[in-house]
Number of protein chains: 4
Amino acid sequence: MALVYGGPGKRDWKSMPRPVVIDPGDAVIRITTTTICGTDLHIMKGDLPAVTVGRILGHEGVGIVEAVGPGVKTFRKGDRVLISCVSACGICDLCRRGMYSHCRTGGWILGNTIDGTQAEYVRTPHADTSLYPLPPGADESALVMLSDILPTAFECGVLNGKVQPGDIVAIVGAGPIGLAALLTAQFYSPAQIVMIDVDANRLQVAQQFGATALVNSTDGTAVAQVMKLTGGAGVDVAIEAVGMPVTFDICQGILAAGGRLANIGVHGKPVELHLEKLWDRNIGITTRLVDTAAIPMLLKLVGAGKLQPAKLVTHRFALGDVMKAYDTFGNAAKERALKVILTSAL
Amino acid sequence: MALVYGGPGKRDWKSMPRPVVIDPGDAVIRITTTTICGTDLHIMKGDLPAVTVGRILGHEGVGIVEAVGPGVKTFRKGDRVLISCVSACGICDLCRRGMYSHCRTGGWILGNTIDGTQAEYVRTPHADTSLYPLPPGADESALVMLSDILPTAFECGVLNGKVQPGDIVAIVGAGPIGLAALLTAQFYSPAQIVMIDVDANRLQVAQQFGATALVNSTDGTAVAQVMKLTGGAGVDVAIEAVGMPVTFDICQGILAAGGRLANIGVHGKPVELHLEKLWDRNIGITTRLVDTAAIPMLLKLVGAGKLQPAKLVTHRFALGDVMKAYDTFGNAAKERALKVILTSAL
Amino acid sequence: MALVYGGPGKRDWKSMPRPVVIDPGDAVIRITTTTICGTDLHIMKGDLPAVTVGRILGHEGVGIVEAVGPGVKTFRKGDRVLISCVSACGICDLCRRGMYSHCRTGGWILGNTIDGTQAEYVRTPHADTSLYPLPPGADESALVMLSDILPTAFECGVLNGKVQPGDIVAIVGAGPIGLAALLTAQFYSPAQIVMIDVDANRLQVAQQFGATALVNSTDGTAVAQVMKLTGGAGVDVAIEAVGMPVTFDICQGILAAGGRLANIGVHGKPVELHLEKLWDRNIGITTRLVDTAAIPMLLKLVGAGKLQPAKLVTHRFALGDVMKAYDTFGNAAKERALKVILTSAL
Amino acid sequence: MALVYGGPGKRDWKSMPRPVVIDPGDAVIRITTTTICGTDLHIMKGDLPAVTVGRILGHEGVGIVEAVGPGVKTFRKGDRVLISCVSACGICDLCRRGMYSHCRTGGWILGNTIDGTQAEYVRTPHADTSLYPLPPGADESALVMLSDILPTAFECGVLNGKVQPGDIVAIVGAGPIGLAALLTAQFYSPAQIVMIDVDANRLQVAQQFGATALVNSTDGTAVAQVMKLTGGAGVDVAIEAVGMPVTFDICQGILAAGGRLANIGVHGKPVELHLEKLWDRNIGITTRLVDTAAIPMLLKLVGAGKLQPAKLVTHRFALGDVMKAYDTFGNAAKERALKVILTSAL
């Protein structure tokens, strides 16, 4: 059984052939926990034409190894594993530089150009360098947050933004990805974290997660509010966690001289970059597709109790109820949903 | 005598009051060598409204200390000095971070908001942290290139672009600043340096300066040419040395995944940033107003014979002929001018 | 009145001439809060021959500006300031690189080669770049910890050790400086911090301050204990906070491949470096005299409530009781003393 | 036929079984070019007890793929390849961090714990991440320098020493490895490179390779000579390329405040580290076993003509004359030998 894309607006939970090992480096995983990503909603809207009708969606998951190809060295049947949303060969020049997202034979392919994890079983290519062993006793619904959302927020937002102790950080967008940036930015002890969103409820959640100031941007005055909060100086780091021209605009408007703008958002349109104001401001702007190179570090911090990914989980469903889970997640604001967990009965 | 701005299109070489020490940290310098910057031409067009009628232009120079204020610790009358285009207090938070260009009481003020160096004498604030002692026997017309153009190209282009051994670097714009980037990029031994311009003569100069490939962008196919040269991969570093939307566009079009776009150009208009293509490309974009923090290092390399700034000098005039020098520099393409040197008889 | 060094073992609280401005950049400060450093005890033992009889000791302090020289730009009479233990000109090549401790006309001179802060008044050279304005309402006994001990632990231990999220850190020595390293290492969210000492009481304090494992090294098995705790892997960062061959030895014995050994301790003797074991281990060893370049950042974190320096304060005295305070601090183990605060009645 | 270790002082060129694929990731390579390393001489002296009698020596080589295991993805029979001296799985935590030398199932094993490259055929484990395709038309005797000596000198000496433009660099030891450091240090345009050795001939070679100053350390005054050359300041980077206490001692004696000591040498004994002098000098000391992560970059620079590894080659032999080649290389000083090349007739 799997969640199958049927074209824009159409999806089905239906029976599909069970995946098997194709390449020597493949593993087949029985999914025990998975979740839905904002990107899956984009796919459902038809925004990602690379995803074709009949594709099983999903790129996040925890499961049990069911079978491995002859080239797999470090996993075997029965191992409990975390599935990275990025498949990386570990051999090509880009993988060697840690840019797994641009792997010449991988990258983000699960639930995109090959079948994904919102299913009873999934085939994962490049298993040795794309799966991570789970520590015994691990909370699966916490760790499935390490497939995508936490490394994405951390790598694209926090690492690229070079958050440093004492910094003032602003995060535009208090959805799941922005909140994950909020959680992981605190690894570096910034002095202030300003959270910006149009949704009062999400801002409240942000406060509970450690934000030191909240800015409601509904009225279009976010830039002015942040400049006031910072005494006119602006922020050291602005993290874009939405993916729209208007939110990118807030980010470029609030950067202090010497500041860093770290883009996480998936953008569908160009933005206007105000180089006529920024050319002499000593700023940096970065983009990144998550490489998930940070997964081992995040696993350590979860193990040490310094990161609680379960905070991001608001709803739980059986895997068989994935159609309903999509409805809930698709109405996130109304349902006050952050991440929804789908678990398979063993 | 000084070169005085008289409003857009108007300038005069005329008698002005000799500058004196105002603040305790000031020095007064007798100019022995100066030059004209592309920025001075922008001022003459009226592009920089902060520059008011009556201002003495020029922010580059070498000279002899004539007088110092009581707070100056490291210079005294008779010292030969290089004048940084940036005045830095050395005390404020931004100076302490090496961001001299954003000094809270300085920055680029010479020939901008206070009188400048295209004159017989100039007052330089924050002398201890804005002047550099010249080594004995130094070639002044070489070292005056360290006031602005070489640190600008190096800091904003090469350092920000993080040029590394083996990299493929593209420089858009083979004017003086682009050529200075070409000279200083070679400090880090890139494998290839592709020079892009519309002027065939300047591209020839670039080849003599070490470019390994030349791309004439006149026909609008620069991006395609660079992609072909790099086997479709694009470049590790793209340095924007012009300051126009079209040249910025070339830069964003040729970046490899993981590449860095280092902007040097002074932009008067916003640019369209293609985040819809770049959001997942792991790239960085930087801007910077030169801090001149690299001057001591550049002085060492000139002293060691590893940098020949005099290569950038194409024309020489007496300081009294500065009006003519402006004409020549203003017709740079036709005159095949890079930098013009103005020297004062002692 | 001031605490005056009288040769090894001898000190006196006695009347001394009130300091005055000598150089244009000097300030004279009325001390309101000061403390005693472990280095002061070394001086009292005669270990630092540069300190001559008649010297007023002390290099930490908070106070009120009483007078400034004509070259001081950013402070004036009445300002409340934190005094850095390092005097930095801000002009020389080493200050420009942030190496204030090696300033060509400054460095650690207070209470060393010039009179210090355990006095009613102190003259501070290079005031603009050696004093820091106190935020209104600041807790002086907390902030005086930023004169020396916290920047020392942070810069020499944590920054040099490149502590990263998820790291295993070991700190050898749970005295005030080791505990300050423990507090500031947490800025970077290591997964584990192992504290090593011979004093059970201090180890208990370390646990309250955030240590995740305690190792009593009294029986000489510290290396074996740490290797066991880390499953044979060793630690990512070992911070030496004592200054003896035996404690350095523990550090080099517990480093993982790729690990960093950050020395804070003041060493009086050479150590044996086991290059025959370490040459192929990809390790780094660093030393540093505190530059106090981190003071502005630490001030921000205190202001944001993310650092509580007052945790280090165990005893309080009136400045006039400094003789007694030395006795207490000199018997730190018995008195369970960390830092002693001396305050002057206004 | 292969060069077989027979115990201290004994070696033989004799017939051995042809190696075959054992693990799925193995390749078998027909050697076309190989060389001898200083480490091989250490093995011959019995200094490396891990090398057992009967072992085929050699860890450098260029050749043609003869066979590959079923798990090998990127090479096939007939490919011309460069063999890294380090075998790296590309999967383990240390390989993912680029520390191939500490690979949990690899590292430096060729000609050490498994049979090596001074033979007609060699089996290379982890082929996908331990072999590099040769560009067409490549000069094999140049490229075999990229198996070990050039990445070793570059990674352990130049990269770890953080050589920067304008730096003063000293290299202790003008043997092949020190000269390779000299060649690769120039990638970063230091202002001066001081070469230190006891052999006047080697110092002459160093001068031809780009050294700007030569210091003969025969009389024990190397430290004094370097301090004089640097006006008492010392050097920014000291590279230890010998591996003895006396040469390490020179390095620690000539470091400027803020300097980096990068150890390349293989040490058999502990050294005395003068922490009593260095604790407050803001220095760094590094060690590293070569990871060969720099091979792709070095290949680019050879291809671009910016690195001429063939400069290091002084003698050439047929592979069958390897016994004679060892004699020559073993008398390097007398024979004025740097690297000896062994080629196999096709």
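Just so it is clear: chains get the letters A, B, ... in the order the sequence lines come, proteins before strands, and each one is counted from 1.
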- Item | Residues of residues 265-281 of chain D with any heavy atom under 4.5 Å of a heavy atom in chain C | Gly265(D), Val266(D), His267(D), Gly268(D), Lys269(D), Pro270(D), Val271(D), Glu272(D), Leu273(D), His274(D), Leu275(D), Glu276(D), Leu278(D), Trp279(D), Asp280(D), Arg281(D)
- Neighbourhood of chain D inside residues 101-109 of chain C, taking heavy atoms under 4.5 Å as contact: Ser101(C), His102(C)
- Task: Verify, without hydrogens or angle tests, whether Thr286(D) (side chain) and Gly284(C) (backbone) share a donor-acceptor contact under 3.5 angstrom.
- Result: no
- Query: What are the residues of residues 243-258 of chain D, in order of number, with any heavy atom under 4.5 angstrom from a heavy atom of chain C?
  - Reply: Phe248(D), Ala257(D), Gly258(D)
- Task: Please answer whether the main-chain N or O of Thr287(C) pairs with a side-chain N or O of Asn282(D) as donor and acceptor at a distance below 3.5 Å.
- Result: no
- Write out all pairs satisfying ring pair (Phe, Tyr, Trp, His ring centres under 6.0 Å) with one or both partners inside residues 151-181 of chain D, taking only residues at least two apart or from two chains. Phe154(D)-Phe187(D)
- Task: Let me know if Asp291(D) has heavy atoms under 4.5 Å from chain C in its side chain, its backbone, both or neither.
- Result: side chain
